[in-house]
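Structure, as structure tokens:
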2 protein chains.
Amino acid sequence: MVTQGRPLRADAERSVRAILEAAERVLAANPAASLEQIAEAAGVARTTVHRRFANRQALVDTLVTTVMDQLDAVIAAANPDTAPPLVALHQVTASVLRLKLGWPFAMTESFAPESKWAERQHRTATRCVTLLARAQSTGHIAPDADLDWTCKVYYALIGEAAHNTTEPDPDLLATKVINTLLHGAGPRP
Amino acid sequence: MVTQGRPLRADAERSVRAILEAAERVLAANPAASLEQIAEAAGVARTTVHRRFANRQALVDTLVTTVMDQLDAVIAAANPDTAPPLVALHQVTASVLRLKLGWPFAMTESFAPESKWAERQHRTATRCVTLLARAQSTGHIAPDADLDWTCKVYYALIGEAAHNTTEPDPDLLATKVINTLLHGAGPRP
DNA sequence: GCTAAATGCAACAGATGTGTCGCAGATGTT
DNA sequence: AACATCTGCGACACATCTGTTGCATTTAGC
């Protein structure tokens, strides 16, 4: 019923975590899953879910917000404005892939257009374009490249890479993503 | 109630078409839309929808099957096994983009993994890889390229390009997709 | 124009999901 | 040990969607 009041008791806090983790798992497999299914996966009663989250929406909001906070943190940690562009790009990519592998539902949801996260997502996209512009200024991206398109392609590549089941190492996946982003599949002359 | 019996009367056939087109529009905007909303968009009563399609699933099936048939036809028309690889690739890309712009829901649905369309979609993907292999043999794709990955990237690029609202010309979009697929965003040496 | 088919409308039954409530018992905190 | 909190359980109300049926009316096809 309530989302925030006064500090929760230890077991209640544990329930909240269990619910969030179960929600991530269940919703990743089926975004239309019922709260009943989520509760079952979390090992709690459905009423407990309602006690900890006012709405289904509130639950999803918490999930997405948590992940977006982590996303911001992870991006900031790569120093995208000061580090060498390719280094930052690689580090961001690997971190985002790690995040996406652990929180597939929340990450997908947060990137959905037309959602309440649109503005925040747009801010992130702007930072991405800024980083790409730096890579452009160092000659790693063509001077005439369409950076908005490149950013979209970058996102799509990350999305595809995250679906890859054969290669679980985020760093190798990041290398593959960036290689593809910069050079495509054509032969290197 | 019934899906196929004996030839439909002219007005009934018109209803079926109206329902399918409305379903495409409505479901593209909201995949969880109710049959009521679809009926309203089609300008018919909800019961008429049930008369023409046994299930919601049957309606979606018809939508997806229709589009997949068109997809097969469009691919075949590009002669992917005989035409010069890059020519076929461009033609297929432009046609698929056209299809995707007109049937965004059905196309997305048909590409969903783990669905009942998986086998058919897999067959299409195999043809895609075959075409890419031909492009590889002509030197347009690097000899050591991972063609499965390249195919996924190709799909993702088409998906992104279809979201592009500023450039509605499928041929120009196809050129952009293929350029990106082959050369990425890096500078041409 | 006659007949069969198709439609809209209203009503119904059933399923599912959501959110609330009260209470008895377990669990943590002090 | 005492107290407040948390939980599971059962029950309820409510909304929404799906699928069906019957009937009066319209429409297509011959």
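For the residue pair Trp149(A) / Thr180(B), a side-chain donor-acceptor distance below 3.5 Å is found, with atom types taken as modelled.
Note on Phe111(A): it clusters hydrophobically with Val60(A), by side-chain heavy-atom contacts below 4.5 Å among ILVMFWY residues.
Atom CG in Leu8(B) sits roughly 19 Å away from atom P in dT27(D) (whole-Å rounding). The NE2 atom of His50(A) sits 14 Å away from the P atom of dT7(D) (whole-angstrom rounding). Arg52(A) places its CZ atom 14 Å from the P atom of dT20(C), with the value rounded to the nearest Å. Following rounding to the nearest Å, Glu13(A) (CD) and dT5(D) (P) show an atom-to-atom distance of 15 Å. For the pair Arg51(A) CZ and dG8(D) P, the interatomic distance rounds to 7 Å; values are reported in whole Å. One interatomic measurement links the two molecules: CG of Asp11(A) to P of dA26(C), which rounds to 14 Å at whole-angstrom precision. When the P atom of dT20(C) is taken as reference, atom CG of Leu35(A) falls 12 Å away, rounded to whole Å. The CD-C1' distance, from Glu36(B) to dA10(C), rounds to 13 Å in whole Å.
Separating the CZ atom in Arg56(A) from the OG atom in Ser34(A) is a distance of 7.5 Å, to the nearest 0.5 Å. Between atom CD of residue Glu160(A) and atom CG of residue Leu157(B) there is a gap of 9.0 Å, rounded to the nearest 0.5 Å.
Residue Arg56(A) places no side-chain atom within donor-acceptor reach of the base of dT18(C), judged by atom type and a 3.5 Å distance cut-off alone. Checked by distance alone, Arg46(B) brings a side-chain donor or acceptor within 3.5 Å of a matching partner on the base of dG19(D).
In this model, the phosphate group of dG19(C) is approached by a side-chain N or O of Asn55(A) to a distance below 4.0 Å at OP1 or OP2. Dashed line: the shortest gap from a side-chain N or O of Ser15(A) to OP1 or OP2 of dT7(D) is under 4.0 Å. Residue Arg14(B) places at least one side-chain N or O closer than 4.0 Å to OP1 or OP2 of dA28(D). Between Thr48(B) and dT7(C) there is no side-chain polar atom (N or O) within less than 4.0 angstrom of OP1 or OP2. Using a 4.0 Å cut-off, no side-chain N or O of Thr47(A) falls inside it from OP1 or OP2 of dG19(C).
Nearest-nucleotide positions on DNA chain D place Ala33(B) closer to the 5' end than the other of Ala10(B) and Ala33(B). Each of Val44(B) and Arg9(B) has a nearest nucleotide on DNA chain C; the 5'-most of these lies closest to Arg9(B).
Ion pairing of Asp69(A) with Arg120(A) is present here, as a side-chain N (NZ or NE/NH1/NH2) and a carboxylate O approach within less than 4.0 Å.
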